[in-house]
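Shown next, in structure tokens, is the structure this report addresses.
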Protein chains: 2
Amino acid sequence: MAVVSPVPLADQRSAEILDSARRAFAEKGFDGASMQDIARQAGMSVGNFYRYFPSKSAIVEALIALDMAEMEQDFATILAHPNPILALRETIERKITEADCQGDGQIWAEITAASLRKPEIGDATLRMEVGIVAHLTTIFALAAGVAKEEAQTRWTAHAHLIVMLVKACAMQHPDNPITADLTRLVMRNINQTLDDIATSAALKG
Amino acid sequence: MAVVSPVPLADQRSAEILDSARRAFAEKGFDGASMQDIARQAGMSVGNFYRYFPSKSAIVEALIALDMAEMEQDFATILAHPNPILALRETIERKITEADCQGDGQIWAEITAASLRKPEIGDATLRMEVGIVAHLTTIFALAAGVAKEEAQTRWTAHAHLIVMLVKACAMQHPDNPITADLTRLVMRNINQTLDDIATSAALKG
DNA sequence: ATTTGCTGAATGAACGTTCATTCTTTGGCA
DNA sequence: TGCCAAAGAATGAACGTTCATTCAGCAAAT
């Protein structure tokens, strides 16, 4: 009786509100966007907004938590794929090329700046990054046919590099005329790295 | 009578103030740092601060202009070096490894976020990036022994990639335990790219 | 006495947050 | 069906705070 749908209505509404808040933050920044801005973006009054989130910083926390959840979802899909390394390649390519139309890059830039400024946010994003890297090395282990632990010791830095590249691409200035060439070059680098890892089992074993 | 020294005293004082403003922005962000914070950091009253900069946004603009000037200075030094590509390698390595003790990375993160948000700042940083890329391709042309124009058409994207990597490294979370390995890997990638460019003349010509 | 360099209180706008109030929906009773 | 209270959603003015910016005034130097 508790819930019929796996996502309760209140949470669904919260997700919609969160999405509009993300847009407001992308437009004006975490500090720059006022509660009035955020509420207007969500199509409601400020007062009503506080019925969903108790404070402005709670929105930021919820936003980061949502991104983390989406990331977990992405990796779950990749690991369930018959060819995980191929699925990873495609996911990365999608993230890099579409870049979610400047929205994601903007938010990531805001979070990156906030991470270096506020230790609490920095810790959260560091945890998120470490989690992603752990997923990546797991996939690497699968692709290279080695134990998870070995993949971790050998390719943790490579995983971090890939994360860094994807983030950096998303944060590129959209008006930069060279962006298309650049993303192609980055994608080539990443594919090269993935190839090296996938074929390294032959060299080692 | 106007000025004796090429750097007038007022400008020197302005530079000191700008440096403390940079620290304030690094601690609290562009929007988060108040004029009171900035003035206190500079060891003076708010009122006096306005004698040096007419507004808060003027500080940001001056900060970006200063970074641009420093960048120009760096490239002038590199180009004057007997072996420019070696000098470039060392400059990049210095920028990446020391990362100016989290101060520069913090400010770059702030600027990156602001660039995606405010078109005026975005244009300024894009101009700066294009300028850096132009300098890089000039050095590439020297190293590979080809014309500037050819270097430009062939390696503009590579130059952008290097800029992206240096920035991304500086913006890494300082508490990340993997950072040392990561920067080593990035440096290896950059050196590989520079090697490819330097030896490509043999392939082409 | 006048200029200069500087202070920090004053100012009005805008901020995050609260809350008294008003709409909208609901559900039992006729 | 129509009606009416009770509950839930939503509003926007108001509050205290903080912001960027200004300026009357002070102390030393000329």
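Letters A, B, ... are given to chains in the order of the sequence lines, protein chains preceding strands, and every chain is numbered from 1.
The CZ-C1' distance, from A:Arg51 to D:dA10, rounds to 7 Å in whole Å. Regarding A:Met35, its CE atom lies at a distance of 6 Å from the P atom of C:dT17, rounded to whole Å. In this structure, B:Phe49 places its CZ atom 18 Å from P of C:dG5, rounding to the nearest Å. In this structure, A:Asp31 places its CG atom 15 Å from P of D:dT18, rounding to the nearest Å.
Between A:Ser115 and A:Thr125, the side chains place a donor N or O and an acceptor N or O closer than 3.5 Å (distance only, hydrogens not considered). Side-chain atoms of A:Ser34 and A:Asp37 form a donor-acceptor pair, as typed in the model, at a separation below 3.5 Å.
If you check every strand for non-hydrogen atoms under 4.0 Å, A:Ala33 touches sugar and phosphate atoms only.
If you take CD1 on A:Ile78 and OG1 on A:Thr91, they are separated by 3.5 Å, rounding to the nearest 0.5 Å.
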Under 3.5 Å donor-acceptor pairs involving side-chain atoms of residues 130-141 of chain A, not counting sequence neighbours:
unit_1	atom_1	unit_2	atom_2	d
A:His135	ND1	A:Gly131	O	3.4
A:Thr137	OG1	A:Val133	O	3.2
A:Thr137	OG1	A:Ala134	O	2.9
A:Thr138	OG1	A:Ala134	O	2.8

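OP1 or OP2 of C:dC6 sits under 4.0 Å from a side-chain N or O of B:Tyr52. A close approach under 4.0 Å does not occur between any side-chain nitrogen or oxygen of A:Gln36 and OP1 or OP2 of C:dA14.
Contact of the B:Gln41 side chain with the B:Glu27 side chain is registered, since non-hydrogen atoms from C-beta on lie closer than 4.5 Å. Residues B:Glu129 and A:Gln172 are in side-chain contact: their nearest non-hydrogen atoms beyond the backbone lie under 4.5 Å apart. Side-chain contact between B:Asn191 and B:Ile92 is absent, with no heavy-atom pair separated by less than 4.5 Å.
In this structure, B:Thr77 contributes its side chain and B:Gln73 its backbone to a donor-acceptor pair below 3.5 Å.
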Criterion side-chain contact (heavy atoms from CB on, under 4.5 Å) on A:Asp67 and A:Ile64, from CA distance to verdict:
CA-CA 5 Å; A:Asp67 274 356; A:Ile64 293 177; 5.6 Å; no
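Place B:Gly43 and A:Asp37 on DNA chain C by their nearest nucleotides, and B:Gly43 ends up nearer the 5' end.
A heavy atom closer than 4.0 Å to some atom of DNA chain D occurs in B:Ser55, B:Lys56, these being the qualifying members of residues 54-67 of chain B.
The side chain of A:Ser45 approaches D:dA10 more closely than any other nucleotide in the set D:dA10, C:dC6, D:dT21.
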Filtered N/O pairs between nucleotides 19-21 of chain C and protein, under 3.5 Å:
none

